[in-house]
Structure formats: structure tokens, C-alpha cells
Amino acid sequence: MTFEIEVDGRTRHVSIERAGGGTFRVSVDGAPTIVDARRVGEFGVSLLFPGDAHAVTAIDLTPGSAPGEMLAHLAGRTVPVIVNGRRMARGGAATGSAHGEHRVTAPMPGRVVRVLVARGDEVAARQPVVVVEAMKMENELRSPRAGRVKEVEVVAGASVEAGRVLVVID
Amino acid sequence: MKVLIANRGEIAVRVARACREMGLRTVAVYSDADRGARHVRDADQAVHIGPSAASESYLRIDRLLDAARASGADAVHPGYGFLAENAAFARACRDAGLIFIGPSADAIESMGSKTRARAIARRAGVPVVPGTDDPLDAAASEGEIRAAAERVGYPLLVKAVAGGGGKGMRAVDEGGGILDAVRVARSEAGSSFGNTAVYFERRLQRPRHIEIQLLADHHGTILAFVERECSIQRRHQKLVEESPSLAVTPELRQRIASAAVKAARSAGYTNAGTIEFLLDEDGSFYFLEMNTRLQVEHPVTELVTRVDLVHWQLRLARGERLSIDPDRAITPHGHAIECRIIAEDPDQGFLPSPGLVRALRAASGPGVRNDAGLVGGEVVPVFYDSLIAKLIAWAESRPDAIARMQRALREYDVIGIKTTIPFFQWLMREPDYIDGRFDTTYLDRVLADRRGAPFTTISETEALHLTIAAGLDAWWRAHGGVAPDQAGPQSAWTRVARLDALRVR
């Protein structure tokens, strides 16, 4: 079984087959390795690499905010992981965090204070695009990646609900 | 004594713990959003006090008093925030025959006004930051504002008389900006505190924020504790606190502590409170303000002095005499550091990140204390402060405390939302922090220089492992959950071994 998995801006091709006894033959971009893997609890995955000095990694995976997006929790850090983003986009199952198009959404209810970009603008990764006031603070919402602004869906002064799409970056 | 805790979140949990340890029954109050919250489940009784908005629930004095009556409480602990520094609330509690676990309404009132507090400190012989003695109210003319600012000198700070938490505060570098700054500070102060009066204070260039915890009984004894160092602030909000401070010698500690005691005595202070000072680069220190309540960062003091401050708040409120050895209170035993774990995404400019916490696995082990306000399965609501837990590490020395904090931060998983943990993981490895080279301007300067660079970093190997874990997760789900060959008698032992491996990671 094969997957396309994006972590930290890099997409890797992963193929997985069961090797018995709780182990799996996993190939990442063509490089094979044996992984001894277990589910631990509702979210946990324990990985053990017998061929790599018996290294151990413990990761928790929970669903993210968009289809195909997972949040991986590793040693106090939280990292988004996108599973089969491009395939889901092709199949029409996902639109939000699919490859190519990214939506900047309101993480909580609030009021749009300023819109910092216009349709057609080029934006850099992490560039602020909208300022939303919520929880008594002004919060800059940033573009997740470099691209061009495809749509601006709000105006200054608008009240927004959590999850409302504010800007679409292509 | 039955104690109504007029608060929510981690501080309500903290106070309820002390009450239970002392055999006191507790009453929680809750808004619509908090029916399932941990502080409600931890209490003996709980009373609904209104809708989710704090102004309709946790800030409603009438409903809190009704709750006390309905539950048979005879004392009220205000926690911090909400009504903790509201003199009218303290007065209303006492008028209703309830013990208010805090200072008198008069002491709250006199220390709550910044200009009055400065006058009290000055009368007690405690140095204050040079500034205007009288508040400038809305009637002050442009000419009066300019003249007052010239007398104080630039750079200066415009501050709200009723202010706190950085609201109603503006920095002004030279005369051109003074009128604008006053206008903005007034408007913020009006909406936050209902009082538009402001005053000016000279701005120190690189001050440290040092504060002294006090306990005062009703028999004339006031006790000062080892200082807390709270200079790690983002936009005037403390993020990391520690005790003791690297910048304070035993001799300076005695001087600051005795200044704090003098100021508190002249205000007729009782119960727990904290006096905040600015410590200048040349070693001079200035009274900044008094917080007439328990502070968020009280645990670092508890760990280095082995005194339970909340127990003492309750005992002092009952009229007991302070019986703590003053030397023990002022002599640090080891070093403690606190990190505020907040539902904010440090990689998005500390954007609030409320939502469902699917699981919360707190750090534990030697020297680690976790004061959390919720458990896994709870939602961090959008209505209130987003502090979800305080992680405190104690060790014999500061370097060991930093190492222990680094270890504890690795162990701490808040699953489902973003928190400030990656920021602390970064800070605890910063040479300037490790060497103690910081002041209250440090963090804002560093954050500006970083221009939004992410604090969450993962190595190439970790990225590979995350990729594999996500692939296996998808594979398992495609195969209907956990594969059958993972069950069975043999693998039970493997599973136990793995759980152990998870814990020691």
C-alpha cells in the first residue's frame, strides 16, 4: 500500500507491507527499512527500528482541521502532516489543505481588523495576511506558504466564526 | 470553613487542592462553557452562575454572593484575575458575612490606584520610578500634558492609573508622540478599566522585573520571601518566572525585601500580596506596583522556600499568626523555573489556539510540578484566559533546573491544540537565557529579530519517523484498526515494555 506524506514542506512516497510479528517493510522514497510498530492507546504510535541501532520514537497522531491533515505530537512539539493531499485533491475529497491551494481560516470567532493582501498579490511563507481581533488581542494570521493570493473572502470589520475561510493562497 | 472559589481553570484547581489538604469543603462556580470543566469536578459542590461571557458570570458579584448563600459557603477565595483585585467584591463579601481570603477592601483600593500606591510607597521611604505624582484626567489640557511629560523627561511611559497587564500603557521616545500616546492609552484604559486617567513614568532602558512575595497576618507580622525574577515577558505578559534572580545578591535581597515590607505595612496590608520592582542596570530598584492577590507564578516561591502559600492564605484569613521562620522565607533553597503553558501557537505570532484537548500527558518525575486546569477531553474555551497549565521545575542549581525543564518540556504532550511548549523548548537552549543576560525588553527584541521564524523545529530523522508513523496510521485505518497479529499473550509483554519506553522518552 502506498501513500504520499508531507512533513515540514517535503513530500515523501511511502509504501508499507506487513512483515509479521508486528513488523512492517516500509520504503520511503525507495529506501527500505524494517519497522517494528505498535499502536499505544487511542492516538499513540510506537516505532522501533531494529536495523537502526534499535532506535525508538513515540508519536501521537490526531486528526487536523482539514481532510487528510493530521497533527503529529512528538516530544512536546506539534507538527502538521498531510496524508495523500494531492490524491485527495484530484479525487475532489479535499480542497482545504490540498497541495497547491491553501486556505487561511479563522482559528476562533472574532472580528477582522485589517486585510493585508489583495487578490493577485504574491506572498512569502509566513507573511501576515489578515489581522483578526479575538480573545481581546489582535492576532496576525499568516500564509502557510509562499504563493499568490487567489481569493480574499472577507473585508475589514467583518465578524467571523471559527473555521471561516479568510484568504485562499494558490 | 467552607470555601467558595470565585474562579476557574488552573487557579481554581490549585485553591481546591489546598482546601482539600486542609480538610475544608469547596464550592466551585461555573459558567455555561465550564459545566464539564475540571474545577467543577474537583469541588464538593458547584453552582451555575451564568452564561459563558465572563461579564455575565465570573465577574458578577451578585451571582457569586447568591452562590455562596445557596451553597452555605462562609469564605471566598478570588484566585487571580476576574474579581481578585476588585475592592467592591471584597467589601460585598464582608458585608454579606463572608470571609474574603485576601486583603481588606481598603488595602485593595489604595494599592489598586497606581498613583495612590506610588504615594504610599514614597511615604514609606521606598524609591519609586520618577514620574508624575498626580493623575492626568480627561480634563487635562494639551499644555498640561506636555508640561508634565517634560518634567518627567523622555523616554517615558504613559500608564493607566487603574491599569494592569500592559493595557493602557504606551511608550513614548520623544515629545512629538506624547499627545497620541495619551489618547490611545486613555481609550484602552477606558474600555478595560472604566477609568481614563493616566500618569507618566520615566522609562528605564534595560530594567529587570523583580518581585517580592509577602504574607501578612492580622497581628502585625509581615513576612517577605525570596524574590521572583519575571523579566521574560512578551508585550508585558510574563511567560517564564524563576526564583531566585541571578541579578540579586543576598545583600540586595535584604534591601528589596525590607522595602517591600515597609510599603505593605504603610498600606495596612494583610494576607498574600506581591510588590513588583524594576531593578536597573546600576543596581538601584524602584517600586512599580502591588498586586493584592495570589500571583500566577507563586509556585516558584513555594518550591524554593518549601512554604505552601495557599495554605497560609487560608490560615491567615482565619486569623492565625504567621509562624514561618523569616530566614527560611528569604533564603532560597535551590532554584525553580516556571513556564506558562498557554493555548497559543508561538509559530503564528502567539495566536490563540483554543479547542479540544484530546489528551493531556503532563511531565512528572523528580523536581517537576504541574499545575494544570484541565484534563484530556476538555475544551479550552474562547471566553477566558488561555493559560492551561504551569510547568515548574526545581533543582539544586539554576543550570540543573534548566536541564530539568528541558527534560520536562519533552515529556509534556497537549494533544489536539497548539501550545507555547515549543517556544519554551527554544528559550531553554538560548545562550542569553542560560547565562541570565536578559531584561524586560529582551523577549520582544528577540522576537522582532526572528521575524516569525518557527520555534518548532524537527530534525531530518524526526521528519522521516513522522512520515513513517503517519503512513502506518493510514495503513492501520485502511486495515480496520489494529492488526490482529498484535493481540495475543506474547505481545502483552511487548506492549508493557513499550509503554515503559514511552514513559522514559
Side-chain angles (χ1 to χ4, degrees), chain A residues 1 3 5-8 10 12 14-16 18 20-22 24 26 28 33 35 37-49 55-62 70-79 81-84 107-109 126-128 134-137 139-142 162, chain B residues 345 347-355 358-359 382-386 409-419 421-422 424-425 451-454 456-458 461-476 478-479 481-483 485-486 491 494-495 498-499 501-502 505:
Chain A
M1 221 175 165
F3 305 93
I5 295 171
E6 184 187 329
V7 174
D8 210 16
R10 179 168 159 197
R12 294 174 172 86
V14 180
S15 78
I16 294 174
R18 193 176 352 210
F24 295 82
V26 178
V28 180
T33 182
V35 184
R38 290 288 191 287
R39 278 259 188 234
V40 180
E42 196 178 345
F43 309 111
V45 179
S46 167
L47 303 181
L48 206 152
F49 297 87
V56 174
T57 302
I59 293 165
D60 289 277
L61 287 159
T62 56
M70 308 290 289
L71 288 179
H73 301 266
L74 167 67
R77 290 159 293 166
T78 303
V79 182
V81 177
I82 297 162
V83 180
N84 290 345
M108 64 265 155
R126 318 196 52 73
Q127 179 179 333
M135 295 168 114
K136 295 183 182 166
M137 305 257 286
N139 305 288
E140 283 185 345
L141 303 177
R142 296 160 190 263
Chain B
D345 183 354
D347 295 336
Q348 298 277 343
F350 292 82
L351 185 71
S353 160
R358 291 172 187 271
V382 297
F383 306 101
Y384 316 111
D385 189 280
S386 43
L409 289 163
R410 265 185 72 86
E411 271 181 24
Y412 211 114
D413 287 315
V414 183
I415 294 173
I417 62 168
K418 300 284 186 72
T419 73
I421 290 173
F424 296 125
Q425 291 181 331
R451 295 168 186 280
T456 304
T457 54
I458 54 171
T461 304
E462 287 173 329
L464 181 66
H465 291 179
L466 287 175
T467 302
I468 292 171
L472 286 161
D473 180 74
W475 189 94
W476 274 316
H479 289 78
V482 177
D485 67 358
Q486 289 179 35
S491 68
T494 324
R495 189 178 163 81
R498 264 164 211 284
L499 282 167
L502 275 168
R505 118 186 95 107

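Below, chains carry the letters A, B, ... as their sequence lines are ordered, and counting in each starts from 1.
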Search all heavy atoms of [X] against all heavy atoms of [Y] and return the closest pair with its distance.
X	Y	result
A/R38	B/W476	C-CH2, 3.7 Å
B/A469	A/I59	CB-CD1, 3.7 Å
B/G452	A/R142	CA-NH1, 3.9 Å
B/P352	A/N139	CD-OD1, 2.8 Å
B/A470	A/V83	CB-CG2, 4.2 Å
B/L472	A/I16	N-CD1, 3.5 Å

In Å and rounded to the nearest 0.5 Å, what is the [atom1] to [atom2] distance from [X] to [Y]?
X	Y	atom1	atom2	result
A/Q127	B/R451	CD	CZ	12.5 Å
B/Y412	A/H73	OH	NE2	14.0 Å
B/I415	A/T78	CD1	OG1	8.5 Å
B/D473	A/D60	CG	CG	10.5 Å

Note to self: Is it the case that the side chain of A/R77 and the backbone of B/T457 share a donor-acceptor pair, with hydrogens and angles ignored and the cut-off at 3.5 Å?
What the structure shows: yes
Check: Counting N and O atoms only, with roles assigned by atom type, does the side chain of A/E42 sit under 3.5 Å from a partner on the main chain of B/A359, one being a donor and the other an acceptor?
Finding: no
Notebook entry, point to check: Quick one: of A/V26, A/V28, A/L61, who has the most non-hydrogen atom pairs under 4.5 Å with chain B?
Noted result: A/L61
Notebook entry, point to check: Can you tell which of A/T33, A/V14, A/V81, A/V79 has the highest number of heavy-atom pairs within less than 4.5 Å of chain B?
Noted result: A/V79
Next item on the list: Specify whether B/H465 and A/F49 have parallel, tilted or perpendicular ring planes, treating 30° as the upper limit for parallel and 60° as the lower limit for perpendicular.
Entry: parallel
Next item on the list: Return the option, out of B/D345, B/T419, B/D347, with the maximum number of heavy-atom pairs under 4.5 Å with chain A.
Entry: B/D347
Notebook entry, point to check: Do you know which of B/I468, B/V414, B/T461, B/T456 has the most heavy-atom pairs under 4.5 Å to chain A?
Noted result: B/I468
Next item on the list: State which residues pass side chain to side chain contact (heavy atoms under 4.5 Å, CB included) with A/L141; sequence neighbours excluded, sorted by chain then number.
Entry: A/V104, A/P107, A/V132, A/L166, B/L351
Check: Quick one: what part of B/Q348 sits under 4.5 Å from any heavy atom of chain A, side chain, backbone, both or neither?
Finding: both
Checklist line | Flag side-chain contact, heavy atom, 4.5 Å: A/V7 against B/I458 | finding: yes
Item checked: A/T57 side chain near B/E462 side chain, heavy-atom distance below 4.5 Å -> no
